[in-house]
Asks: 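Input: one structure, supplied below.
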Amino acid sequence: MLIVLVGAVPEYLIDNEDISASKEEYTKHLHDTNNFTSIVSEWHLIKNEAYKVNLASSLFFAGLLIGNILFGPLSDKLGRRPVYLSGLFFDITFGYCTALAPSYEVFAVSRFFVGIMNGGMALVSFVLTQEYVGKSYWALTGSLTNLIFAVGIAFYALLGFYIRNWRTLAFVANSPGIFFFLLSFLLPESPRWLYSHGYTTEAEGVLQSMAVGNGVERPVVKLKSCPGTSSKSAHSVFDLVKYGVLRWRTILLMYIWYVCSLVYYGLTLNAGELKGNLYLNVALYGLVEVPAFPLCLYFIEKSWSGRRKATAGFLGFAGFACIFTIFLPETNGDLLNPTVLALFGKLSVSAAFNVVYIYTSELYPTVVRNAGLGVCAMACRFGGILSPFIPTMKSLNPSMPFVAFGISGISAGILSLLLPETRNKPIAESIEDLQSPAYQLLSRGNEVLAST
């Protein structure tokens with residue numbers, strides 16, 4: 001969201017319209033009329049230079065794509081904590097490079113590296129958060145993680161309202177990272193990662209420390225060796241293709257993540273640019289997603305819904321919202337018009353995004369969880385990159401973009417029904433667990449107990 005305010009285009013006047021098209025000439029006659037600064041006003045990114053604002057944003061998303069690919073397998077191999085701490089450190093470092101950039105070129109490069117670190121670090125931190133708590137809390141912690149993301153957008157808008165200099169805004173917005181980086185040294189390694197990689201003694205130590213921190217008397221924790229760790233074979237992203245059960249899940253999940261991103265940004269484009277105060281608009285784009293999270297928590301824990309049906313339902317509703325939008329005239333009253341319907345669709349696809357994060361982390365065993373999430377997040381970035389180009393289909397038919405978004409959402413919802421339900425089922429630690437008869441029996445037993 002940084003580029004929304006840092007790259008905002010101020011209103012400007014050119015006191016001589018007969019000047020040449022060269023940048024040096026028209027910058028001499030350029031006067032902006034706003035009370036804020038941005039990279040546009042500092043480096044005069046208007047007219048032939050205007051594309052550079054979107055280029056910086058594209059470089060950031062390209063960085064996210066690379067970070068999602070790199071950090072997932074690294075954290076599965078080296079551990080969650082060291083990869084998370086390294087990513088956060090460099091995320092903060094390159095964030096300050098953004099604020100202090102002496103030229104547009106340095107600014108753009110810094111956004112690319114922020115994207116790499118931010119995308120990878122955020123992915124690892126989500127998995128680390130999930131693996132600190134028991135399976136029964138995954139829905140809550142996953143929802144709270146994504147809820148704070150939406151609140152963060154609104155908080156950034158508040159900062160932007162009071163800090164009108166773009167360099168100061170970028171500096172202040174980046175500074176809380178130092179506080180969280182220092183706090184993060186108190187975090188232990190994921191006990192699930194330790195256990196799944198054969199570090200049973202270390203995992204027992206982390207669990208005992210957690211028990212003490214929770215006010216429980218120090219228990220005697222003895223864990224059995226995790227199946228699949230005796231060979232010490234290294235796991236990689238290629239395991240997602242090597243094993244049939246993971247290959248099928250990955251193909252379906254990649255498409256679902258791709259559609260979530262495509263429909264999310266598609267509905268945002270359909271809602272149109274809000275008029276009025278820039279900072280209020282940024283806050284609304286974040287706050288409109290907040291109701292999605294209690295809805296998500298309610299549906300995914302119900303026996304008649306669960307993760308699978310909730311994903312299908314939210315994606316299906318978002319898809320139908322896209323399709324129904326094309327049948328409503330722009331002046332169709334105050335309660336039911338394309339903008340309102342599109343915002344309801346955005347709320348629904350936000351809920352789907354939240355469920356999919358939780359659902360995906362439960363579908364992959366611990367040894368390849370980050371690799372699986374990384375591949376899915378990569379597909380998600382492709383959806384975000386392509387979504388702005390879908391509206392160009394209006395040249396064929398004005399309804400074509402929204403038909404495309406609608407069909408994508410509905411198809412992803414239907415395909416999600418092919419995935420197994422994970423509600424009240426144990427988390428697989430190794431790939432062997434997925435095919436173990438004991439694991440299958442335990443899964444069915446938990447499901448029966450939950451339904452009685």
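Model, not experiment: these values are computed from the prediction. Computation of the quantities below employed the complete heavy-atom set of this structure, encompassing side-chain atoms and omitting hydrogens, waters and symmetry-equivalent molecules.
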Asks: For Glu421 and Arg307, indicate whether the former's side chain and the latter's backbone hold a donor-acceptor pair under 3.5 Å.
Replies: yes
Asks: Around Tyr104, counting heavy atoms of other residues, nucleotides and ligands shown, do more than 12 lie under 6.0 Å from its OH?
Replies: yes
Asks: When you compare the side chain of Arg423 with that of Ile300, does any pair of heavy atoms fall below 4.5 Å?
Replies: no
Asks: Tell me if a side-chain donor or acceptor on Arg381 pairs with a main-chain N or O of Ala62 at a distance below 3.5 Å.
Replies: no
Asks: Less than 6.0 Å separating the ring centroids of Phe90 and Phe113?
Replies: no
Asks: Listed by chain and number, what are the side-chain hydrogen bond (donor to acceptor under 3.5 Å, both in side chains) partners of Asn370, not counting sequence neighbours?
Replies: Ser75
Asks: Are there more than 12 heavy atoms of other residues, nucleotides or ligands under 6.0 Å from atom CZ of Phe112?
Replies: yes
Asks: Testing Phe293, Trp138, Phe126 for ring pair (Phe, Tyr, Trp, His ring centres under 6.0 Å) with Tyr357, which one passes?
Replies: Phe126
Asks: Where the side chain of Arg247 meets the backbone of Val241, is there a donor-acceptor pair that is under 3.5 Å apart?
Replies: yes
Asks: What pair of heavy atoms forms the shortest contact from Leu85 to Phe181, and how long is it?
Replies: O-CE1, 3.5 Å
Asks: Using only atom types and a distance under 3.5 Å, with no angle test, would you say the side chain of Ser348 pairs donor to acceptor with the backbone of Gly345?
Replies: no
Asks: Looking only at atom types and distance, does a side-chain atom of Ser261 sit under 3.5 Å from a main-chain N or O of Trp257, one as donor and one as acceptor?
Replies: no
Asks: Distance from Leu144 atom CG to Leu297 atom CG, nearest 0.5 Å?
Replies: 7.0 Å
Asks: Please find the pair of heavy atoms, one from Val259 and one from Ser408, that lie closest to each other, and give the distance.
Replies: CG1-O, 3.3 Å
Asks: Would you compute the distance between atom CG of Leu373 and atom SG of Cys380 and round it to the nearest 0.5 angstrom?
Replies: 11.0 Å
Asks: Out of curiosity, Leu223 CG to Thr201 OG1, how far, rounded to the nearest 0.5 Å?
Replies: 9.0 Å
Asks: So how far is it from Leu128 CG to Arg369 CZ, rounded to the nearest 0.5 Å?
Replies: 11.5 Å
Asks: Output yes when a side-chain donor or acceptor of Ser416 lies under 3.5 Å from a complementary backbone atom of Gly413, and no otherwise.
Replies: yes
Asks: Just by modelled atom types, is the Thr168 backbone N or O under 3.5 Å from a matching donor or acceptor in the Asn165 side chain?
Replies: yes
Asks: Between the side chain of His197 and the main-chain N/O of Asp76, is any donor-acceptor distance below 3.5 Å?
Replies: yes
Asks: Mind checking salt bridge (charged side-chain N to carboxylate O under 4.0 Å, His left out) for Glu42 and listing every partner two or more places apart, or none if nothing turns up?
Replies: Arg167
Asks: Examine distances only and state if a side-chain atom of Trp166 and a backbone atom of Ser41 form a donor-acceptor pair shorter than 3.5 Å.
Replies: no
Asks: Less than 6.0 Å separating the ring centroids of Phe353 and Phe314?
Replies: no
Asks: Before you tell me yes or no, could you show the steps for Arg80 and Glu131 under salt bridge (Lys or Arg N to Asp or Glu O under 4.0 Å), namely the whole-Å CA-CA distance, both residues' side-chain angles and the distance that decides it to 0.1 Å?
Replies: CA-CA 10 Å; Arg80 316 300 196 211; Glu131 292 181 350; 2.9 Å; yes
Asks: Counting only heavy atoms not in Tyr132, do more than 12 sit closer than 6.0 Å to its OH atom?
Replies: yes
Asks: Looking at every heavy atom in both Ser57 and Ile3, which two are closest together, and how far apart are they?
Replies: OG-CG2, 4.1 Å
Asks: Do Ser196 and Thr366 have side-chain N/O donor and acceptor atoms under 3.5 Å apart?
Replies: no
Asks: Got a sec, which residues hit side-chain hydrogen bond (donor to acceptor under 3.5 Å, both in side chains) with Ser38, two or more places apart in sequence or on another chain?
Replies: none
Asks: What pairs with Arg308 under side-chain hydrogen bond (donor to acceptor under 3.5 Å, both in side chains), at least two apart in sequence or on another chain?
Replies: none
Asks: Does Asn118 have any side-chain hydrogen bond (donor to acceptor under 3.5 Å, both in side chains) partners at least two apart in sequence or in another chain, and if so, which?
Replies: Asp91
Asks: Would Tyr96 and Ser110 count as a side chain to side chain donor-acceptor pair (under 3.5 Å) if you check the C-alpha gap in whole Å, the side-chain angles of each, and the deciding distance to 0.1 Å?
Replies: CA-CA 9 Å; Tyr96 282 124; Ser110 71; over 6 Å; no
Asks: Mind checking what makes salt bridge (charged side-chain N to carboxylate O under 4.0 Å, His left out) contact with Lys135, not counting sequence neighbours?
Replies: Glu362
Asks: Quick check on Phe149: does its CZ atom have over 12 non-hydrogen neighbours (other residues, nucleotides or ligands) under 6.0 Å away?
Replies: no
Asks: Identify the residue among Ile358, Leu253, Leu252, Thr250 that makes a side chain to side chain contact (heavy atoms under 4.5 Å, CB included) with Leu363.
Replies: Leu253
Asks: Do the side-chain N and O atoms of Tyr359 and Thr422 include a donor-acceptor pair separated by under 3.5 angstrom?
Replies: no
Asks: Under the 3.5 angstrom rule, does the side chain of Tyr156 hit a backbone N or O of Leu2 as a donor-acceptor pair?
Replies: yes
Asks: Drop me the distance from Phe320's CZ to Ile407's CD1, to the nearest 0.5 angstrom.
Replies: 10.5 Å
Asks: How far does CG of Asn174 sit from SG of Cys97, to the nearest 0.5 angstrom?
Replies: 9.5 Å
